[in-house]
Amino acid sequence: MQTSSDLKTLLNKIDRRGYPAYKDTLGVYQFPGYTLSIDHLQGDPFAAPSKLSVCVRGKQAAFPAALYRLPCQRIALQDELTRRFGQLAGQASFQAKGSGHSGLIAVSRCGQEVLERTACSLSPESGDILLRLEVGFPANGRTINARELEKILFDLLPRCVKGALFYHDADRAHFQAIADLAEDQQYIRQKLPELGLCAFVADGSILPRASGVSALPMKGAVPFQAPKELSVTLQLPHRGAISGMGIPRGITLIVGGGYHGKSTLLKALELGVYPHIAGDGREFVITDDTAVKIRAEDGRSIQRTDISMFIHDLPNGKDTSHFTTEDASGSTSQAANVVESLEAGASLLLMDEDTSATNFMIRDQLMQRVVRREMEPITPFLDRIEELYQQHGISTILVAGSSGAYFHAADHIIQMDRYIPRDITAFAKREAQAFPDERFPLSPASMPDFARCPKPSPEFHSGDRIKLKSLGRDGVSIQRETIDLRYVEQLADGEQSAALGYCLLYAQKHLMDGRRTLRQIVEALDRLMETQGLAALCGTRTAPPFLARPRTQEIFACLNRFRSLNLS
């Protein structure tokens, strides 16, 4: 390992040379209190920034082991260190001047959710901290400006490292509060099954967001207050007693007038599969972490998916037990989304009438009389919703604003009234008695066997470099194909999309052999990330500095939307 003095000497040597001479700096250098590794050099000042990493040994960082005793606490601490470094890097960025990206200092930009990221990792055994970042190496035109890089590496960056990654000068109460919050959140999540709940929303939560393009809490919003019929009190390890609305397992209907907070509550529940930072307003909105938001998705591809429990006896004779299409309709896409979610292990489905295909959700009495049942290949979700719970343990939370068709099936009915939830189950059930139940009795559908086995694609084994590009939350591009993830609504961060691309690459190269099922492949990917970290997905490639771990359910969603996947 070289010293920081060696790096300074080298910078003096290559100053004002052509930009490729920066490659001489690749390597590891010992700085006071940490090591700096220059891992990958950009080709020119206008290319993607260079990749660096900083390692601080546990003894120097000195964060008490009690702050990361549990995995959830470790992830929360990593998240906070990333945020602290990012804030300082934002202040230092572009203080060094030059052309192109010169002077950039960047790390992951964390949102309101707490995610496991490659940007920062902390060893649970040693307490060592590894932080990955990007730096724009300065240049004048395409000529090295080593003086400005020296300013970054010997002044600006050390300030960021020492201000973010060392405990001795930190606000210790703040770090303890982060660890305590993470443990409290995990405690609630673990208590949900024991209490027969699929979600919990604490009193005082702020669910509305500042705007449609901001995840920050809305100022002056109405605090959440649980109806007494659904009120639950929990005794948390650190916060103590906390009360809120417990949503029982089964079928829950959320109703109310427009703009009264139905979809706002559902959105909070969607993202309640992730822990949130203090001050978000949704810190104690905790949802079954296998929950999947289901919607219609016109135009998506479907490959060999058994949708026969919802769609069968098509006029063209097409087999719906191994249904394949390049351009799904609203109803077939939503049916596939439900079945694929079951394959992904979901025990809670979240739906909004606004984003659902009407003919998949209901068929009213008049339509049933005019178009006889034997002429309609679609079995509405309404006719299967109770079976899904009673036979398979799959709960549903559904937002409905215009149709009362689900009143008969619902176990609990919550009305949102100016952002305040009210339990109107008894009232709604009484009113529903005046309207006949429009459902026909059905024979139970057999659960799909989920035995789809992807075959390897020669393209991924040719030895040629595979082109992979993240498109933010919208998707990921692999070679010439774009995987559209816009409607996978529980993706919280574009770094998760990037990680999904690497999941697909790894699976193609190491796991897809025509014998492993899709479930076995995703389980193997989960084990890899759990035991070896996100960087293990990259294989021999240089690990990107900015990936975030996706859930099992989003890995399934990505694979199912990859049109070139060869399923048997």
Side-chain angles (χ1 to χ4, degrees), residues 1-57 59-61 81-109 118-121 128-166 168-170 542-546:
M1 183 188 300
Q2 302 179 79
T3 66
S4 57
S5 297
D6 295 330
L7 178 57
K8 188 173 288 189
T9 300
L10 177 58
L11 291 179
N12 288 330
K13 180 180 177 182
I14 64 174
D15 191 27
R16 299 184 182 181
R17 290 174 57 183
Y19 203 85
Y22 262 141
K23 291 185 178 179
D24 293 347
T25 64
L26 288 168
V28 182
Y29 303 90
Q30 182 66 56
F31 277 69
Y34 65 92
T35 56
L36 172 69
S37 176
I38 301 175
D39 302 315
H40 175 78
L41 260 299
Q42 60 200 96
D44 63 63
F46 301 93
S50 299
K51 296 174 176 60
L52 283 67
S53 55
V54 169
C55 182
V56 182
R57 294 299 180 190
K59 289 183 178 179
Q60 278 72 44
L81 296 178
T82 305
R83 292 173 193 273
R84 288 166 65 87
F85 188 91
Q87 183 178 17
L88 294 170
Q91 298 167 4
S93 197
F94 296 114
Q95 288 191 27
K97 306 301 180 181
S99 50
H101 296 295
S102 294
L104 173 71
I105 305 175
V107 72
S108 288
R109 298 181 66 177
T118 52
C120 182
S121 58
D128 293 354
I129 297 170
L130 178 67
L131 185 130
R132 295 182 172 94
L133 67 151
E134 290 183 336
V135 172
F137 277 30
N140 297 323
R142 285 183 167 79
T143 300
I144 286 175
N145 189 335
R147 299 300 175 201
E148 291 297 287
L149 181 57
E150 184 177 326
K151 180 180 178 181
I152 294 173
L153 300 183
F154 289 86
D155 179 17
L156 301 176
L157 186 57
R159 276 191 263 161
C160 296
V161 172
K162 292 176 181 177
L165 305 183
F166 291 86
H168 55 79
D169 290 329
T542 302
F546 309 142

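As the structure is a computational prediction, the values presented were derived from the model and not from experiment.
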State the [atom1]-[atom2] distance between [X] and [Y], to the nearest 0.5 angstrom.
X: T35; Y: Q60; atom1: OG1; atom2: CD; value: 10.0 Å
X: L10; Y: I38; atom1: CG; atom2: CD1; value: 8.5 Å
X: F31; Y: S5; atom1: CZ; atom2: OG; value: 9.0 Å
X: T25; Y: Q2; atom1: OG1; atom2: CD; value: 10.0 Å
X: L52; Y: L133; atom1: CG; atom2: CG; value: 5.5 Å
X: F94; Y: I152; atom1: CZ; atom2: CD1; value: 9.5 Å

Shortest non-hydrogen separation from [X] to [Y] and the atoms involved:
X: L130; Y: S53; value: CD1-CB, 3.9 Å
X: I144; Y: A21; value: CD1-CB, 3.7 Å
X: N12; Y: E150; value: OD1-OE1, 4.0 Å
X: P49; Y: L104; value: CG-CD2, 3.4 Å
X: V28; Y: S37; value: CG2-OG, 3.8 Å
X: C160; Y: F85; value: CB-CE1, 3.5 Å

Looking at [Y], is its backbone amide N or carbonyl O close enough to the side chain of [X] to form a donor-acceptor pair, meaning the two atoms are under 3.5 Å apart?
X: K151; Y: Q95; value: yes
X: R84; Y: G163; value: yes
X: S102; Y: S99; value: yes
X: E134; Y: A106; value: no
X: D15; Y: A146; value: yes

Practice problem: Could you label the plane-to-plane angle of the Y22 and F137 rings as parallel, tilted or perpendicular, counting under 30° as parallel and over 60° as perpendicular? | Solution: perpendicular
Got [X] and [Y] here, is their nearest side-chain heavy-atom distance under 4.5 Å?
X: L81; Y: L131; result: no
X: L36; Y: L157; result: yes
X: F46; Y: R142; result: yes

Exercise. Classify the side-chain pair Q42/S50 by whether it contains a donor and acceptor separated by less than 3.5 Å.
Key: yes
Quiz item: Any chance the side chains of D6 and T3 put a donor and an acceptor closer than 3.5 Å?
Solution: yes
Quiz item: When you look at CD of Q91, are more than 12 heavy atoms from neighbouring residues, nucleotides or ligands closer to it than 6.0 Å?
Solution: yes
Quiz item: Is R57 atom CZ crowded by more than 12 heavy atoms from other residues, nucleotides or ligands, each under 6.0 Å away?
Solution: no
Quiz item: Checking side-chain contact (heavy atoms from CB on, under 4.5 Å) for the pair L7/F154: CA distance, chi angles, key distance, verdict?
Solution: CA-CA 10 Å; L7 178 57; F154 289 86; 4.3 Å; yes
Exercise. Please report the C-alpha distance between R132 and K51 in whole Å, then the side-chain angles of each, then the deciding distance to 0.1 Å, and finally whether the side-chain contact (heavy atoms from CB on, under 4.5 Å) criterion is met.
Key: CA-CA 7 Å; R132 295 182 172 94; K51 296 174 176 60; over 6 Å; no
Quiz prompt | side-chain contact (heavy atoms from CB on, under 4.5 Å) between I129 and Y34, intermediate numbers included | solution = CA-CA 10 Å; I129 297 170; Y34 65 92; over 6 Å; no
